Amino acid sequence: MLEKLDTNKLEEKYTKKWDEEKTYKFKNDPNMKKYTIDTPPPFTSGELHMGHVLSYSFFDFAARYKRMNGYDVYYPQGWDTQGFPTEVKVEKKHGRLPPAEFRKKCVEWTEEMIKRMKSQMIEMGFSPDWDYEYKTMDPEYHKKVQLSLIRMYKDKYVYRAKHPVYWCPRCMSAIAKAETEEIEKSGKLNYIIFKGPEGEDLQIATTRPELMHACVAVMYHPEDKRYTHLKGKEITTALGKKVKAIPDKLVEKEFGTGLLMVCTFGDKDDVLWTHRYKLPIIEAIDERGKLINAGDLDGLKAEEAREKLIEKFKKEGKLVKQEDVKQAVKVHDRCKRPIELKSSLQWFADIKSHAKEIKEWASEIKWIPDFGIHYMTDWIENVDWDWVISRHRVFGTPLPFYVCEKCGYSEPAEESELPFYPESAKTKKCPKCKENLIPEQTVADCWVDSSITPLIIAGWPDENYKKLYPSDLRPQGVEIVRTWAFYTVYRSTVLTGKPPFKEILLNGNVLAPDGRKMSKSLGNIISPSELKKEYPVDSVRQWAALSGAMAKDRPFSYEDIRFSKSFINKYWNASRFIEKFLENYKHSKPEKLKLLDRWILTKLNGTIKSYTDSMENYQFHSALHKMHEFFWHDLCDNYLEYVKYRVYNDTEKQPALYSLYEVLYNSTKLLAPVMVFTTEEIYRELFHSPESGSIHNSRWPKPLKITELSEDELILMDEFNSIVSSARQFKASNRLSQNSELSSMKIYSEKEYPDELIDELKNILKVKIIKIEKGEFSVSMEI
RNA sequence: GAGCCCGUAGUCGAUCGGUUAAGACGCCUGUCUUACACACAGGAGAUACGCGGUUCGAUUCCGCGCGGGCUCACCA
C-alpha cells in the first residue's frame, strides 16, 4: 500500500537500493547495442551548483531513457582535478611546499572535494556507473595524456618554440587565449609630445606610457594627410629615443591623434607590427609583470611606472592632456588580473594550420541545437596563434619531454617511462651538443587533460577502445565550446582519425531568478543542497527538464519547481486512488472497452508517441509538458471523474480498471527518467513482479494495441467534455455541489450521440433526463 | 563593429501558414464534492515589438526598423 508521500524517505531508500542492486551497471555485453556518454568531468571545487544540476540532469534523462530502450548504457563519471584554483586553496592552507609534497596535499584536498561532490550527485539521483570513475590527477590518466602528447609530438602537432604568448604575471604562467576574459576598465589616454624630424612637436596618444622605453616605431594611417610626410623619417620619443615612422592601415585615424607608438608587446597589434616590419624586439616586462630594460624604472610594476612617468612628462611639459577612456582589458579568467603579452619559450599545439580540418570534423557532429556549431566555427576563424599547452604550475600533468637548455634541442620521453615525472626522470645527454638534457618542468594546460575524455573512457590506447569510441553523446555547457569541445574535437580526431562524438548537446547557464548571473557578491546564489531541503529531488529534476531551452541562459524559476512539486503530489494521489481499486484486480484485456475507456487509452497512446519522440530529440521540456497535460487534465480532471461511478458501483468495472492500470503503468514508465524516486516506488508497489526489478531497467512503453478513437470520435469527445464542463459550470454558478442531481438537460448538436455516451452523461453528471436535438452546439439544463 | 539567438496576457512560456492563439505562476469568484485545499469548478486578462513584402490566408516565411541576450573582434 502506498503511504502518505514522504519524498525524503523514498530518496534515502532507493539511493541505497540502487547501489545494492547495481541498477545502473554497464554490462559491457557484446550483444547489446551501446550508448556511450562522454560526461563532463566537473572541476573539483567541492560544490555542485545549479548549472551542474541542469546539465547533468539532461544526460541522466538521456541515459535512463536509453537504458529503458534496451541499450547497454556506458555512463562513466570523471573529475577534472588539476589546476590553478586548487593550488591557491592548498597554498592558503599549507603555505608553500616543495613540489612533490605540495602535489600530495593537492591530491588529498581534491579527494575530499570529490567525496562531497559525489555524494551530492548521488543525492540528485544521477545514474553513472561508479565503477568507471576517473580522475585527471591519477597516474594512469597522466600516462595517457602524456602518451597522447608524445604521439602528437611525433606527428608534428606539438612543438616547442619562442613565441609571444598571453602571460599572467600573477600566476607566472603562459595562458591560452581561451583562458582570457575581457573586463571594461576606465583608464587615461595620454597625449604625449614626441619630436618630428625637423624638431617639430608630434602628439601620440597612449594608455600605456610605461612601455615607452620599448617603443620601436611610430605608426599612422597611410592616408592620413597630417602625417604622410613623415614616412620613413626619424621620430624622437619623449624619452629621447629615435624610431621610424611607418604607415599601416590598421591604424585608426580618428582615435587619439592618429599617431601611435609601437612597443613590441603592448598588445596584439604591436606584436603583429613588430613581425610585419621586422622591428627590434625589446622585452619591456618580466614574468612578474615588472619593468625591465627601462633604466631607473626597472623593477617597478606597470602601474607604478606609469604614474612616475606621467609625473615626469608633466614636469617636462611633454604631457599635453589626459582623456578618460573606457578600455577593454584582457584578464586571466581564473585570477582576474590583467595579462601581458610576452615572448617566451613554450610548448604549443598546432591549431592554426589545421583550422580548416577542425571545422570539417566539427561539422560531422550533430549539434543540438544546430546553431551551437557557430560558437565553434566563429572561434576557429578567430584563432590567431597556436594553443599554448605549457603552464608554469605544479599540480598538473607533467609534459613528457626532455630539453637541452643550451641548444634548444628537445625530445619526448620513451613510452616505457610513462607516467613521466621530472623529479624521477632519467639522465640523458643532448645528442647535438652533449650537454645534459633536463626534464621539462612545466605541466599541461588542464584542457590538455580533459580534451581526451572520449578516449580515456573508451580505454584508449588499448585497441578495444574502438568499441566505445566515438561516444554517442557529449553533453556540455555552451560556455566551454571554445575550450572543451574545440580541444576535444581537435586532439581526439588527430589521435584516432575519427571525431570524438556523434552528437553534442549544449546547455546554457542557470541565472538567478532576477535574470542576473548568480554570484557571491550579489548574494543571489541558489544551491542544490538548499533547494533539496524544501523540494523533492524529483521536482528539482523536473525543473531541469522544464528549463529545457537549449544553449540559452535561463533564470532559475521557483514557479517551475513549485509546479513540479504539485505535479508529484498529484501523481502520487492519483496513484493511491487507483491502487485502492486495483487491490483484487487481475490484469487482462476486457473484451469490450467503453468509448470513454478507448478515449483515455487513445490519449495515452498519443502521449506515448509524442513523449518518445521528444525524448529521442532531447526535448525534455516538451515531453514533460505533454505528460502534464495528459496526466493532470485528461486523466485526473476528466477520466477519473468519469469512471468514479463505475468503480464505486461495480458497473462495467473491469474495462475501467484495465484502462486505469494501463494509463498509470505506462505514465509511470514515461515519467521514470525524470521522476526517478516516486516512479520507482509506485512501480514497485503497484506493478512490481520479481523478475522486473527496478523500473529503471524496465522496458520503455509502446502504444497499446487497441482500437483507437477515430478523428470523428475524438471530435465528439471534445464536445462531450465541453458538455461536462457546462454542467460543472452550471452547478457551480447555482452554488450546487458537483454531485448534486439535475432534473434535465437539453443538448443541441450537429453530431450523432450514441446511447452509450448519453448514459455516461446521466451517470457522471447525475442528470435524470437528457434530450438531444440537431442544431448548433449548445447546452442548457435545469435543477 | 561582425555573427548568432530572441521579442506572444502582470510574469514564464507553447503554437515549426489555416477555425474563438496552449499551459503554468499570479489575480478574482465559488467549493473541504469519500485520491489530492500542494486540490477542484469557474472567471478576468494578448489588436502575438513596429512598418513593409510573399501568400487566398501570417504570430508563424522574407526585408527594414526598434528593443533585449549571447559569442567574437574591439583601436594604441
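Remember, it's a predicted structure, so these values are computed and weren't measured experimentally. In what follows, chains are A, B, ... by sequence order, proteins preceding strands, each numbered from 1.
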N569(A), nearest nucleotide to its side chain (from C36(B), C12(B), C25(B)): C36(B)
Collect all protein-nucleotide pairs involving nucleotides 42-45 of chain B in which both atoms are nitrogen or oxygen and the distance is under 3.5 Å.
residue : atom : partner : partner atom : Å
G42(B)  : OP1  : S725(A) : O            : 3.3
G42(B)  : OP1  : S725(A) : OG           : 2.6

Carboxylate-amine/guanidinium contact D248(A) R276(A), below 4.0 Å: yes
Describe the nucleic acid contact of [X] in one word from base, sugar-phosphate, nothing, applying a heavy-atom distance below 4.0 Å.
| X | answer |
| --- | --- |
| K253(A) | nothing |
| H628(A) | nothing |
| S557(A) | nothing |
| E629(A) | sugar-phosphate |
| D269(A) | nothing |
| W273(A) | nothing |

5' priority, RNA chain B, between K4(A) and N382(A) [closest heavy atom]: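 Whichever sits nearer the 5' end wins; that is K4(A).
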Let me know the distance between [atom1] of [X] and [atom2] of [N], rounded to the nearest Å.
| X | N | atom1 | atom2 | value |
| --- | --- | --- | --- | --- |
| F631(A) | C36(B) | CZ | C1' | 11 Å |
| E381(A) | U71(B) | CD | C1' | 13 Å |
| K731(A) | U29(B) | NZ | P | 24 Å |
| E559(A) | G23(B) | CD | P | 18 Å |
| F563(A) | A14(B) | CZ | C1' | 13 Å |

Nucleotide-resolved protein contact map, nucleotides 4-9 of chain B, B/S/- at heavy-atom distance under 4.0 Å: SS----
[N] pairs with which nucleotide, Watson-Crick or G-U wobble, both distances below 3.5 Å?
| N | result |
| --- | --- |
| A39(B) | U31(B) |
| A22(B) | none |
| U15(B) | none |
| U60(B) | none |
| G1(B) | C72(B) |

Quiz item: cation-pi between K352(A) and W387(A), 6.0 Å / 45°: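 The answer is no, since K352(A) fails at least one limit relative to W387(A).
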W632(A) vs C40(B): side-chain N/O to OP1/OP2 distance below 4.0 Å: yes
Provide a list of protein-nucleic acid N or O atom pairs under 3.5 angstrom, restricted to nucleotides 33-35 of chain B.
residue : atom : partner : partner atom : Å
A35(B)  : OP1  : Y648(A) : OH           : 3.3
A35(B)  : OP2  : K580(A) : NZ           : 3.0
A35(B)  : OP2  : Y648(A) : OH           : 2.1
A35(B)  : O2'  : N573(A) : OD1          : 3.3
A35(B)  : N6   : C636(A) : O            : 3.4
A35(B)  : N3   : N573(A) : O            : 3.4
A35(B)  : N3   : A574(A) : N            : 3.3

I764(A) side chain near E641(A) side chain, heavy-atom distance below 4.5 Å: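 No; the side chains remain at least 4.5 Å from each other.
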Set of residues satisfying salt bridge (Lys or Arg N to Asp or Glu O under 4.0 Å) with respect to E252(A), sequence neighbours excluded: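 If we apply the salt bridge (Lys or Arg N to Asp or Glu O under 4.0 Å) test to E252(A), skipping adjacent residues, there are no hits.
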Salt bridge (Lys or Arg N to Asp or Glu O under 4.0 Å) involving K731(A) - partner list, sequence neighbours excluded: none
Non-neighbouring partners of N721(A) that pass side chain to side chain donor-acceptor pair (under 3.5 Å), sequence neighbours left out: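 For N721(A), the residues satisfying side chain to side chain donor-acceptor pair (under 3.5 Å) (neighbours in sequence not counted) are Y642(A).
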